[in-house]
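Report on the following structure.
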Amino acid sequence: MLLTITTTYQPATDLGYLLHKNPWRLQSFALAFGQAHIFYPEATTERCTAALMLDIDAVRLVRNRDRSQALEQYVNDRPYVASSFLSVAIADVFGSALNGHCVKYPDLVTTPIPLQVQLAIVPSRNGGAVWLKRLFEPLGYTVTLTPHMLDETYPAWGDSPYFTVTLDATCCLKDVLTHLYVLIPVLDNDKHYWIGDDEVEKLLRRGKDWLQTHPEREQITYRYLKHRRDLVRTAIERLTAEEEREQDVAASATNVEEAVLEQSVSLHEQRLHAVIEVLQESGAKRVLDLGCGEGKLLKLLLHNASFAHILGLDVSYRALEMARSRLHLDRLPERQKERIKLLHGSLTYRDKRLQGYDAAAVVEVIEHLDPARLAAFERVLFEFAHPTTIVITTPNAEYNVKFALLPAGRFRHKDHRFEWTRQQFQDWAQAVAAQSGYNVRFLPIGVEDEVVGAPSQMAVFSILIANS
Ligand code: SAH
């Protein structure tokens, strides 16, 4: 297993200082699973390459293990591919560089320099080339992949799951090492050699500056923690803590502002009643209110006997507390209490508890989601929760010119990440519907203006029933 790191920063041999490894010497280290060798195939002022070669002792790995799958334990790809062993080796032999220490040139640690990383063989079994790009490109790398055939003598067998991966970027070496440390085990589907309860800490510490905004953060967390549910949940809760904090702040202040702007409660009430009407028409019994906020829609749902089971979800704990008190949850008669549940969670994470519902309402929520997280939301709702009917409302940005109190170009609410025109909303909704097997229709909310339309807009998605 070979990892090389090349720079053309000048003098290029400063790479040796950054890595704390002398370019003029071969160094070998004994690790629990084999040997790590560090050497420099090239070390000039113009260009310097450091190589980390791992010689994994497959026989040693098998010792003290269950022998029931003996052959598989001896005959496997462990010695040849980048796996969690490489992460352990990076932490062991490049620990100072990984932690951003450089005695001789401390400033160089935080200086972006041109770097090229090559990983001789990387397994990407679930998702192949696309997954590799989805992991590294959002971090600013130019990703070049060379696929390898399963067997060159039998081309018909096609490609193997193995790639040679080249990553180019101008960035800090410690960041590159950190990305490799986390993402290599994510790519490797095999069991972690080292998974333990402190993995959540390691993941969050190493992912501190980039994981939260990475569009694949959920998958990264799942795969890094090797689907250990208890650990994944803790990690996700901590990763969403920031989102939660933002929404808590937003919940307390600005809904009032928006209500004032939108001519008091009336527009919001019209919105909620329009949603109830659609839900009722759909015949739904089990209903989700996603991003339920302080529970206004929940209250209407609870008062309507046609909805037998109601689940409200919000990322803001504070909003949920307000909902709890608005609904008098503690004082409800037992039968009513059984009809409704509140759940603390984020719409950008897959959640089994959202499955098995007839309908979902997502009222004035999408514009609070970071555009980078919309794709995750789409999958969570349309693919995993997959209710028969989905109702989504969002402001109509064209209408904003009619709000005298709203300065031009500003959003209706401080926490809105975007506001869409009718066309933008319809384009998005139609694309999502087509992709997920839903039909979609659109309805205005509030009094329509001839030019700019209605103040709010609603999309109603219905699942397409396959003709069999
Ligand atoms: N649907 C409610 C509240 C709308 S305000 C109503 O119409 O009255 C937007 C709500 O979305 C807030 O309560 C906010 O906490 C919630 N929210 C924002 N991002 C979320 C996320 N990622 N997951 C779940 N809820 C979210």
Side-chain angles (χ1 to χ4, degrees), residues 212-213 215 217-218 236-262 264-276 278-279 287-302 310-327 342-351 353-354 359-381 384-385 390-395 411-419 445-446 455-459:
Q212 209 196 350
T213 51
R217 70 179 179 180
E218 183 192 11
I236 284 178
E237 269 168 17
R238 291 181 47 189
L239 277 170
T240 42
E242 178 60 15
E243 266 170 30
E244 181 185 350
R245 200 189 52 73
E246 285 170 16
Q247 294 304 326
D248 275 352
V249 173
S252 58
T254 40
N255 285 343
V256 181
E257 277 172 33
E258 196 177 8
V260 170
L261 194 69
E262 289 181 345
S264 80
V265 246
S266 76
L267 176 60
H268 197 49
E269 273 181 3
Q270 286 179 53
R271 205 180 262 140
L272 298 179
H273 283 108
V275 171
I276 293 278
V278 171
L279 291 176
V287 184
L288 295 165
D289 181 5
L290 304 175
C292 61
E294 51 204 79
K296 291 186 182 142
L297 182 68
L298 291 174
K299 189 158 190 170
L300 296 177
L301 289 167
L302 199 58
I310 303 155
L311 176 72
L313 170 129
D314 206 286
V315 76
S316 159
Y317 195 75
R318 187 164 181 165
L320 287 176
E321 287 291 292
M322 292 199 246
R324 187 178 298 281
S325 95
R326 175 184 300 270
L327 298 164
L342 295 183
L343 204 66
H344 187 209
S346 172
L347 271 173
T348 53
Y349 288 98
R350 212 183 312 174
D351 194 326
R353 294 169 297 182
L354 303 182
V362 192
V363 179
E364 306 295 288
V365 175
I366 56 169
E367 63 277 7
H368 291 265
L369 302 177
D370 234 30
R373 309 230 50 78
L374 260 187
F377 159 74
E378 290 161 21
R379 293 197 69 192
V380 167
L381 179 55
F384 300 117
I390 297 174
V391 186
I392 298 184
T393 77
T394 194
F411 293 150
R412 294 183 200 182
H413 190 299
K414 269 201 214 108
D415 186 58
H416 285 181
R417 312 299 158 96
F418 56 85
E419 283 178 359
I445 299 171
S456 199
Q457 44 186 345
M458 170 158 74

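One-based numbering, in listed order, for ligands and for the atoms of each. All figures in this text were calculated on a predicted structure; none of them were measured in a lab.
Residues Ala323 and Gly293 approach most closely at CB-O, 3.7 Å, considering heavy atoms.
The contact set between ligand 1 and Gly291, taken as ligand atoms under 4.0 Å from a residue heavy atom, comprises 1 (N), 2 (C), 3 (C), 10 (C), 11 (O), 25 (N). Heavy-atom contacts of Ser346 reach the following atoms of ligand 1: 21 (C), 22 (N), 23 (N) (cutoff under 4.0 Å). Interface of Gly345 with ligand 1, defined as ligand atoms under 4.0 Å from a residue heavy atom, comprises 23 (N), 24 (C). Taking every non-hydrogen atom of His268 and a distance limit under 4.0 Å, the qualifying atoms of ligand 1 come out as 6 (C), 7 (O), 8 (O). Every atom of ligand 1 with a heavy atom of Leu369 under 4.0 Å away is listed here by number and element: 19 (N), 20 (C), 21 (C), 22 (N). Heavy-atom contacts of Cys292 reach the following atoms of ligand 1: 2 (C) (cutoff under 4.0 Å).
Phe377 has its side chain out of reach of Leu290: every pair of non-hydrogen atoms, C-beta onward, lies at least 4.5 Å apart. Contact of the Leu347 side chain with the Val315 side chain is not registered, since no non-hydrogen atoms from C-beta on lie closer than 4.5 Å. You'll find the side chain of Glu218 stays beyond 4.5 Å of the side chain of Thr348, heavy atoms only. For the pair Phe384/Leu354, no side-chain contact is recorded, criterion being any heavy-atom separation below 4.5 Å from C-beta on.
Taking distance alone, with nitrogen or oxygen atoms compared against 3.5 Å, Glu364 stays at or beyond that limit from ligand 1. No N or O atom of Leu290 sits closer than 3.5 Å to an N or O atom of ligand 1.
Scanning Val363, Val365, Val315 for the heavy atom closest to atom 24 (C) of ligand 1 points to Val315. Taking each of Val275, Thr348, Asp314 in turn, the one with a heavy atom nearest to atom 16 (C) of ligand 1 proves to be Asp314.
Asp370 places no side-chain N or O within 3.5 Å of a backbone atom of Ala372 that could act as its donor or acceptor partner.
There is no side-chain donor-acceptor pair under 3.5 Å between Arg373 and Tyr349.
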